[in-house]
Each structure stands twice: as structure tokens, then as C-alpha cells.
Protein chains: 2
Amino acid sequence: MITSDLEVKVKFLHGFSHRTRIQILEAIKHNEKTVSEIIQTVNASQSNISQHLACLKGCGMVVGRQEGKYIYYSLRNQKVRDLLTMFDEVLEEVEEEVACCKKEVE
Amino acid sequence: MITSDLEVKVKFLHGFSHRTRIQILEAIKHNEKTVSEIIQTVNASQSNISQHLACLKGCGMVVGRQEGKYIYYSLRNQKVRDLLTMFDEVLEEVEEEVACCKKEVE
DNA sequence: CACACATATTCGTTATTGCTAATATGATGA
DNA sequence: TCATCATATTAGCAATAACGAATATGTGTG
């Protein structure tokens, strides 16, 4: 039961491993956005956002649909949305200790 | 409500961004283990595992408790465990598309 | 205290990832 | 078809992260 291959998991989770990608996911958490809108929201270069979107798409986290000259991106499904919500919940409880890697001193 | 700071989230999620760290989390998902046991399970060098454990600790994902000359590591709390379970659930649904970043060709 | 064992830390090197700039593709509409 | 706008891709350089080897710290025991 539920024993997904490690490699797949690694690839999937890679989607969460960059500030900009997390911002993109947050940006489209509740409603789809065009690339242009994402660029504005996240405030990064077109090329940069496009590359991160490619990554997120490859990770299976987001999907894009074309409509006219725009491409709308959104989370792949409700589970991914739940996952994002869960992060927030866990963080509520952990926030303090999160100093991450190197130097958790003060 | 539930609006954890982006920086904190980035740091926390960084914990999931490496194969070895994911393996460690899986290894201690259901019961605590000593560093030595983790080293054997994951099959990496002592130094390497120790560094990743420091990272995971800094990310707020795991905690360690000393008992005699051993240190037992375990997931910080039930929420983190739920998160890991959720990953598996999401992966069940996404598995196929997950080719991640660069080249989702075959 | 000296020794053995468990774990942590540091340092220098290598590998991976991200970024920018330039260019390419693809769709729309005059 | 040509011009324009939206997005994707490539290439080369810059920034980060990971690793192994060596060393340090800490704990129990004779």
C-alpha cells in the first residue's frame, strides 16, 4: 500500500525546494493565473519564472492550459492544495525551531 | 489565520529537498533510531548523515534525545508524520507525470 | 585519567542549481 | 504574411549545496 518509489518522491519534493517555486505555488493556490500575472505577483524575470514553472510542471505539481495567447497555470489537483495547507499547519507548531541548517544558534 | 512567514516556510521545506534527507525521514517515520542505525539504513557516511541530521534538526523536522552514548532521532511531531503520509497519497495520484525539471521527455 | 565508541564540526573540493541575456516558438490579428 | 505579444528554451556564468577526510566533542567504563 502507498509505497511510492523513492526516486519519484525525490523528484516531486524537489518542487518545494526553492523560494520562488514556493511563491509560485502560493500565488496559484486558490485560482489559476497566467504566466504574466505570476511574474508580477512573484516579481522575478520572465525567463526565471518560466524555468521554475517548467520545473513545477515536471514535478507534477502544476498544470497549464492554453487559452488564446495566454497560458493559465494552476495546482494539479486538490491534494496538492491540501499539502500546501498542511505546510502552514505544521509550521504553526514548529515556527520557532525553524532556523534551518547551518547555525541554529542565535 | 495560518499565514506563516515565507522565509520560515522556505527553510522548513528545504528539509525535503535532498534524497538522503527524505530517506532519513522515512527511516525514522515510525520509530526513533540512533544515528548509527540511520547510517546503516540509509547507507551513507557518518559525516554525511550527521550533516543532514543537523539540517533536518534546524528545519524543525526532527528532534534528538540523548540516552547514554546514543542519540535517538525521531520526527518532531505527529503533523510532520502526517505530512510524510500525505506525500505518499499525493504521489499515488501524480506518479506518472512526475519526471521533474529538465527533460520531461523520455 | 585514559580509552573506546557515538556523534558533531570544519575545511577544501566538486557537483548541482539558479540566474541573466539572448534567442526561439507559438498564437493573434491587421 | 508580417508584426506583436506571451511564453519557452538555450548557453554560459555565478551562487549554493553536498561530499569526504580529518578532527573535535562528548559519554560511559575500566
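Letters A, B, ... mirror the listed sequences (proteins, then strands); counts begin at 1. We use all heavy atoms of the structure for the numbers below, so side chains are in, but hydrogens, waters and symmetry mates are not.
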Student: If I take atom CD in residue B/Gln51 and atom C1' in nucleotide D/dA22, what distance separates them, rounded to the nearest angstrom?
Tutor: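 Nearest whole value for this atom pair: 12 Å.
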Student: Between atom CD1 in B/Ile49 and atom C1' in D/dC19, what is the gap in whole Å?
Tutor: 12 Å
Student: B/Val63: which other cluster members, linking ILVMFWY side chains closer than 4.5 Å, directly or transitively?
Tutor: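 None; B/Val63 is a cluster of one.
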Student: How many whole angstroms separate atom NE2 of A/His18 from atom P of D/dA15?
Tutor: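 It is 14 Å, rounded to the nearest whole Å.
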Student: Under 4.0 Å from any atom of DNA chain D, heavy atoms only: list the residues of residues 26-33 of chain B that qualify, in numerical order.
Tutor: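 Here the set is empty: none.
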Student: How close or far is atom C1' of C/dC19 from atom CZ of A/Arg19, stated in whole angstroms?
Tutor: 15 Å
Student: How does protein contact run along nucleotides 22-30 of chain C, one letter per nucleotide 5' to 3', with B for base contact, S for sugar-phosphate only, - for none, heavy atoms under 4.0 Å?
Tutor: -----SS--
Student: What is the distance from OH of A/Tyr72 to C1' of D/dT7, rounded to the nearest Å?
Tutor: 14 Å
Student: Starting at atom CZ of B/Arg65, determine the distance to atom C1' of C/dT7, rounded to an integer number of angstrom.
Tutor: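 Answer to the nearest Å: 15 Å.
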Student: Is there any side-chain hydrogen bond (donor to acceptor under 3.5 Å, both in side chains) pair reaching into residues 38-50 of chain B, and which pairs are they, with sequence neighbours excluded?
Tutor: B/Ser47-B/Gln51
Student: With sequence neighbours left out, what residues match B/Glu26 under salt bridge (Lys or Arg N to Asp or Glu O under 4.0 Å)?
Tutor: A/Lys9
Student: Taking side-chain hydrogen bond (donor to acceptor under 3.5 Å, both in side chains) as the test, write out the residues that go with B/Ser74, two or more places apart.
Tutor: none
Student: Between C/dA8, D/dG20, D/dA8, which one does the side chain of A/Leu53 approach most closely?
Tutor: D/dA8
Student: Should B/His52 be listed as having a side-chain N or O under 4.0 Å from OP1 or OP2 of D/dC19?
Tutor: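 The answer is yes; a side-chain N or O of B/His52 sits under 4.0 Å from OP1 or OP2.
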Student: To the nearest Å, give me how far apart CD1 (A/Ile71) and P (D/dT9) are.
Tutor: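 So the CD1-P distance, A/Ile71 to D/dT9, works out to 9 Å.
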Student: Under 4.0 Å, counting only non-hydrogen atoms across every strand here, what does B/Ser45 touch: a base, just sugar-phosphate, or nothing?
Tutor: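 The residue B/Ser45 makes sugar-phosphate contact but no base contact.
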Student: For A/Ser17, report the nucleic acid contact type (base, sugar-phosphate, nothing); a contact means any heavy atom under 4.0 Å.
Tutor: nothing
Student: List for me each residue that meets salt bridge (Lys or Arg N to Asp or Glu O under 4.0 Å) alongside A/Lys79, sequence neighbours excluded, and say none if there are none.
Tutor: B/Glu89
Student: Among D/dA8, C/dC19, D/dG20, find the nucleotide with the atom closest to the side chain of A/Thr20.
Tutor: C/dC19
Student: Looking at A/Tyr73 and A/Ile28, what are the two nearest heavy atoms and their distance?
Tutor: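 Heavy-atom minimum between the residues: O-CG2, 3.8 Å.
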Student: Can you tell me how far P of D/dT23 sits from CG of B/Asn48, to the nearest Å?
Tutor: 19 Å
Student: Quick one: name the residues clustered hydrophobically with A/Tyr70, using the 4.5 Å side-chain heavy-atom rule over I, L, V, M, F, W, Y, and just say none if it's on its own.
Tutor: A/Tyr72
Student: Whether A/Arg76 and B/Glu93 form a salt bridge (side-chain N of Lys/Arg under 4.0 Å from carboxylate O of Asp/Glu) is what I want to check.
Tutor: no
Student: Out of C/dA6, D/dT7, D/dA18, which nucleotide sits closest to the side chain of B/Arg21?
Tutor: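 So the side chain of B/Arg21 is nearest to D/dA18.
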Student: Would you please name every residue forming a salt bridge (Lys or Arg N to Asp or Glu O under 4.0 Å) with B/Glu7, sequence neighbours left out?
Tutor: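 With sequence neighbours excluded, B/Glu7 shows a salt bridge (Lys or Arg N to Asp or Glu O under 4.0 Å) to A/Arg19, given in chain and number order.
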